[in-house]
Visitor: 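My questions will all concern the structure given below.
Each chain gets a letter, A, B and so on, in the order the sequences are listed, and its residues count up from 1. Keep in mind the model is a prediction, meaning the values are calculated, not measured. Quick note: numbers below take in every heavy atom, side chains included, and nothing from hydrogens, waters or symmetry partners.
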Amino acid sequence: MTRKVRVRFAPSPTGALHIGGVRTALYNYLFARQHGGDMLLRIEDTDSTRFVPGAEEYIIEALQWLGIEIDEGIGAWSKKDGAKTHDLCGQYGDKGPYRQSERREIYHRYVNQLLESGNAYYAFDTPEELEAKRQEVPNFQYDAHTRGTMCNSLTLPQEEVDRRIKAGEKYVVRFKVEPDEDIHVNDLIRGEVVINSNIIDDKVLYKSADDLPTYHLANIVDDHLMEVSHVIRGEEWLPSAPLHVLLYRAFGWSDTMPEFAHLPLLLKPDGNGKLSKRDGDRLGFPVFPLEFHNQKDGTVSSGYRESGYFPEAVINFLALLGWHASGDQEMFSMDELIQQFSLERVSKSGAKFDYEKGRWFNHQYLQLRSDEELARLFMPVLEKKLDSSVYQNVNIEKVAQIIGLVKDRVNFVPELWEQACFFFEAPMEYDEKSLKKRWKEDSPKHLTELSELLSSVSDEDWTRKNLKEDGTTEWLLDTVVMPWIAEKEYGVGVVMNAFRICLVGAARGPHIWAITDILGKQETLRRIDTALRLI
RNA sequence: GGUGCUAUCGUCUAGUGGCCUAGGACAACGGCCUCUCACGCCGUAAACCCCGGUUCGAGUCCGGGUAGCACUACCA
């Protein structure tokens with residue numbers, strides 16, 4: 001039986017979407033698209049105490065930015081015919097609602113089913129009592145061997161159970177796990193995993209305190225009802241997969257149980273352990289797609305988008321952290337990923353987060369963007385850096401031209417400023433190291449003469465380029481200045497570097513005639529003049 | 001502690017018993033280019049966790065160690 005591929009990404013709205021979660025979403029998306037299936041987004045908000053305002057919106061916006069499209073569920077409102085609402089978190093689909101907190105009645109029904117079939121029971125032990133038990137008995141586990149000593153519907157008379165429930169006493173419903181059974185889970189990435197039911201405790205499925213199920217129950221019920229065919233999630237879920245298999249069986253849904261694929265974890269770049277927000281702060285890189293202002297604890301987390309990353313670079317980078325095509329290809333568009341992705345080629349071991357490679361990917365994608373587009377993206381940076389009177393006169397075509405000269409040396413759009421600032425404002429000071437190395441005793445004399453020489457060049461010739469016999473071009477200014485240097489027997493490097501310092505403020509930057517071309521004759525001469533006075 | 005998963009250059013990884021004197025990419029280092037700094041190009045260094053077994057032959061299969069990670073909540 002081949003059934004329609006339907007996968008889900010099911011985050012909980014407890015804060016910004018972690019980059020590992022983004023990768024999980026990506027792999028789900030690639031798998032769905034490759035098989036012509038559906039990508040659902042379901043919000044798992046069964047822990048009312050951990051809800052963070054804005055987290056849902058954040059998740060939708062992040063996926064949108066990255067180009068991971070939702071077909072059904074939360075955030076799929078745009079799929080609606082003539083969608084009137086632009087509610088970011090609106091939902092679409094005939095298997096909703098897609099927010100677990102809105103599915104209470106559904107869960108009631110299935111909790112009762114388990115209760116009636118004898119697969120679950122009521123338990124009245126308070127959190128304090130359980131905590132005390134754990135203190136008293138090392139490695140205490142609520143299971144077949146201990147449930148008989150606890151306070152639940154298996155040990156209490158029926159009337160007592162009814163009385164407690166009627167009195168509004170807080171209770172939970174626990175899953176009754178039978179001991180001594182080897183449970184087989186087939187994982188698409190790892191193969192068969194076998195776990196004995198003895199090590200699984202009687203998991204809480206439902207808590208009356210907030211009238212909500214726990215993850216385990218909600219997850220199984222929803223995946224079944226939403227006809228999910230493949231569960232692709234992080235490796236941290238592998239230990240509870242056997243429990244899920246048991247739940248499917250208890251419901252009588254074994255035949256349509258989804259296939260499982262547990263993804264390797266994203267690890268810290270240094271040392272060991274899961275990648276966390278703290279690692280990003282400590283090592284200076286984002287671990288979230290977008291900047292996030294947590295209204296609950298007031299913290300602000302940096303994001304890839306705000307750091308100047310292109311979404312396609314983040315996608316490419318993430319895709320290769322745990323998955324690899326058979327060849328040596330490094331650059332993949334989303335379409336190529338959809339075509340080539342396969343769960344069989346996902347690695348089994350955790351991947352240390354190689355932030356440097358992320359930078360490299362962004363560099364590659366930045367080179368692919370046109371100068372005009374980069375200019376548009378760079379304008380806001382300029383607006384911030386420049387005096388408003390200066391910014392008013394900035395010409396975007398000129399910006400594009402400048403970007404064409406310097407883009408190959410940056411990884412991010414904001415870095416363009418460091419490479420191009422001298423095109424917009426004359427140097428205010430001169431780099432100490434450059435001066436020491438490149439400013440010679442004769443430099444003032446050279447520059448005075450050079451200034452005179454350049455003054456004699458007409459405005460028209462200033463920007464002229466000649467076509468040489470070999471097909472390359474050369475700046476006309478080159479044919480003016482080089483012979484002069486040769487005639488005077490000055491060193492080319494000595495003159496040109498001092499000249500460069502006048503224009504740039506340091507010994508760096510693109511070809512010098514490309515700079516003078518953009519600066520223009522007047523500004524060039526002015527900068528030489530200024531430098532001669534200041535240095 | 002228990003259970004499970006994993007194990008190739010510093011990092012991401014290729015490798016599905018002979019094509020492996022182990023390939024690619026990032027990072028590092030060196031050279032070239034050059035008026036400078038970059039980019040780019042070329043090159044160098046760098047790995048099969050250990051011990052057994054199977055086999056004519058093991059990075060690749062099996063067993064045992066070791067190590068790392070995950071899980072072990074009325075969190076997801």
Visitor: Would you classify A:Val194 as touching base, sugar-phosphate or nothing, given that sugar-phosphate means primed atoms plus P, OP1 and OP2, and contacts are heavy atoms under 4.0 Å?
Guide: sugar-phosphate
Visitor: Would you say the ring centroid of A:Trp323 lies under 6.0 angstrom from that of A:Phe332?
Guide: yes
Visitor: Once you apply a heavy-atom cut-off of 4.0 Å, does A:Ala209 come out as touching a base, just sugar-phosphate, or nothing?
Guide: nothing
Visitor: Just compare B:C35, B:A25, B:G23 and give me whichever is closest to any side-chain atom of A:Asp328.
Guide: B:G23
Visitor: Sticking with atom P, work out how far B:A38 lies from B:C29, rounded to a whole angstrom.
Guide: 11 Å
Visitor: Given that both distances must come in under 3.5 Å, which nucleotide forms a Watson-Crick or G-U wobble pair with B:C5?
Guide: B:G68
Visitor: Reckon A:Ser347 touches a base, only the sugar-phosphate, or nothing at all at heavy-atom distances under 4.0 Å?
Guide: sugar-phosphate
Visitor: Under 4.0 Å from OP1 or OP2 of B:G4: is there any side-chain N or O of A:Lys348 that close?
Guide: no
Visitor: Which listed nucleotide (B:A27, B:C74, B:C35) is nearest to the side chain of A:Arg134?
Guide: B:C74
Visitor: A:Leu320 near the nucleic acid: base, sugar-phosphate alone, or nothing, with a heavy-atom cut-off under 4.0 Å?
Guide: sugar-phosphate
Visitor: Determine the contact category for A:Gly322: base if any of its heavy atoms lies under 4.0 Å from a base atom, sugar-phosphate if only primed atoms, P, OP1 or OP2 are that close, otherwise nothing.
Guide: sugar-phosphate
Visitor: Think A:Arg345 has a side-chain N or O under 4.0 angstrom from the OP1 or OP2 of B:G15?
Guide: yes
Visitor: Between A:Phe288 and A:Tyr304, does the ring centre distance come in under 6.0 Å?
Guide: no
Visitor: Suppose you measure atom C1' in B:C20 against the same atom in B:C48; what distance do you get, rounded to whole Å?
Guide: 10 Å
Visitor: Taking atom C1' in both B:U34 and B:G40, compute the distance separating them and give it to the nearest angstrom.
Guide: 12 Å
Visitor: Among B:A7, B:C74, B:C39, which nucleotide sits nearest the side chain of A:Lys207?
Guide: B:C74
Visitor: Between A:Lys203 and A:Asp201, does any side-chain N to carboxylate O distance fall below 4.0 Å?
Guide: yes
Visitor: If you find the nucleotide of RNA chain B closest to A:Asp201 and the one closest to A:Glu236, which residue's nucleotide is nearer the 5' end?
Guide: A:Glu236
Visitor: Rounding to the closest angstrom, what is the interatomic distance between B:A47 and B:U11 at atom C1'?
Guide: 12 Å
Visitor: At less than 3.5 Å, do the side-chain atoms of A:Arg190 and the base atoms of B:C5 form a donor-acceptor pair?
Guide: no
Visitor: Whether the side chain of A:His511 and the base of B:C35 hold a donor-acceptor pair under 3.5 Å is what I'd like checked.
Guide: yes
Visitor: Write down the distance separating the C1' atoms in B:A58 and B:G1, rounded off to the nearest Å.
Guide: 36 Å
Visitor: Check this one for me: any side-chain N or O of A:Arg174 less than 4.0 Å away from OP1 or OP2 of B:C74?
Guide: yes
Visitor: So, are A:Asp222 and A:Arg103 salt-bridged, with charged N and O less than 4.0 Å apart?
Guide: yes
Visitor: Base, sugar-phosphate or nothing for A:Lys274? Non-hydrogen atoms, less than 4.0 Å.
Guide: sugar-phosphate
Visitor: Using the P atom as the point on both nucleotides, what is the distance between B:U60 and B:C49, in whole Å?
Guide: 8 Å
Visitor: Is A:Val172 touching bases, backbone alone, or none of the nucleic acid, heavy atoms closer than 4.0 Å?
Guide: base
Visitor: Using atom P of each nucleotide, how far apart are B:C50 and B:C9 to the nearest Å?
Guide: 10 Å
Visitor: Let's see if you can work this out: which of B:C26, B:A25, B:A7 has an atom nearest to the side-chain heavy atoms of A:Asp354?
Guide: B:C26
Visitor: Would you please confirm or rule out a distance under 4.0 Å between OP1 or OP2 of B:C71 and any side-chain N or O of A:Arg233?
Guide: no
Visitor: Please tell me which of the listed nucleotides, B:A25, B:U3, B:U13, lies nearest to the side chain of A:Glu330?
Guide: B:A25
Visitor: Restricting to non-hydrogen atoms, name the atom on A:His262 and the atom on A:Ala241 that form the minimum distance, rounded to 0.1 Å.
Guide: CE1-CB, 3.8 Å
Visitor: Among B:C37, B:G40, B:U13, find the nucleotide with the atom closest to the side chain of A:His363.
Guide: B:G40
Visitor: Rounded to whole angstroms, how far apart are CG on A:Asp270 and C1' on B:C69?
Guide: 15 Å
Visitor: Between B:U3, B:C35, B:A38, spot the one nearest the side chain of A:Asp408, thanks.
Guide: B:A38
Visitor: Give a yes/no answer on whether the side chain of A:Thr49 brings an N or O atom under 4.0 Å of OP1 or OP2 in B:C75.
Guide: no
Visitor: With a 4.0 Å cut-off, would you call A:Asp354 and A:Lys357 a salt bridge?
Guide: no
Visitor: Report yes if a donor N or O on one partner sits less than 3.5 Å from an acceptor N or O on the other, where the partners are the side chain of A:Lys357 and the base of B:A27; otherwise report no.
Guide: no
Visitor: If you measure from the P atom in B:C12 to the same atom in B:A7, how many Å do you get, rounded?
Guide: 12 Å
Visitor: Does A:Arg190 reach the main-chain N or O of A:Lys348 with its side chain, forming a donor-acceptor pair under 3.5 Å?
Guide: yes
Visitor: Select base, sugar-phosphate, or nothing to describe what A:Thr126 touches, counting heavy atoms under 4.0 Å on all strands.
Guide: base
Visitor: Only pairs with both distances under 3.5 Å count, Watson-Crick or wobble alike; so what is the partner of B:U55 in this structure?
Guide: none
Visitor: For the side chain of A:Leu321, starting at C-beta, report the closest nucleotide among B:G40, B:C12, B:U13.
Guide: B:C12
Visitor: Using a heavy-atom cut-off of under 4.0 Å over every strand shown, decide if A:Asp210 touches base, sugar-phosphate, or nothing.
Guide: nothing
Visitor: Kindly point out which of B:C12, B:U6, B:C75 is positioned nearest to the side chain of A:Lys352?
Guide: B:C12
Visitor: If you check every side-chain atom of A:Pro127, which of B:C35, B:U13, B:C74 has the closest atom?
Guide: B:C74
Visitor: Of all the heavy-atom pairs spanning A:Val173 and A:Ala120, show the shortest one and how long it is.
Guide: CG1-CB, 3.7 Å
Visitor: Compare every heavy atom of A:Phe361 with every heavy atom of A:Glu330, then report the nearest pair and how far apart it is.
Guide: O-CE2, 3.4 Å
Visitor: Would you indicate what A:Pro510 reaches in the nucleic acid, counting non-hydrogen atoms under 4.0 angstrom: base, sugar-phosphate, or nothing?
Guide: base
Visitor: NA contact type, A:Gly327, heavy-atom cut-off 4.0 Å: base, sugar-phosphate, or nothing?
Guide: nothing
Visitor: For B:C29, what is the paired nucleotide under Watson-Crick or G-U wobble rules, both distances under 3.5 Å?
Guide: B:G43
Visitor: How far apart are the closest heavy atoms of A:Gly491 and A:Ile485, and which atoms are they?
Guide: C-CG2, 4.1 Å
Visitor: Could you tell me the separation between the OH atom of A:Tyr107 and the C1' atom of B:C74, rounded to a whole number of Å?
Guide: 17 Å
Visitor: Could you tell me whether A:Asp47 contacts a base, only the sugar-phosphate backbone, or nothing, with contacts defined as non-hydrogen atoms closer than 4.0 Å?
Guide: sugar-phosphate
Visitor: A:Tyr215 OH to B:A73 C1': how many Å, rounded?
Guide: 15 Å
Visitor: Taking atom P of B:U13 as reference, at what distance in whole Å does atom CZ of A:Phe332 sit?
Guide: 13 Å
Visitor: Taking for each residue the nucleotide of RNA chain B with the nearest heavy atom, is it A:Gly350 or A:Val410 whose nucleotide lies nearer the 5' end?
Guide: A:Gly350
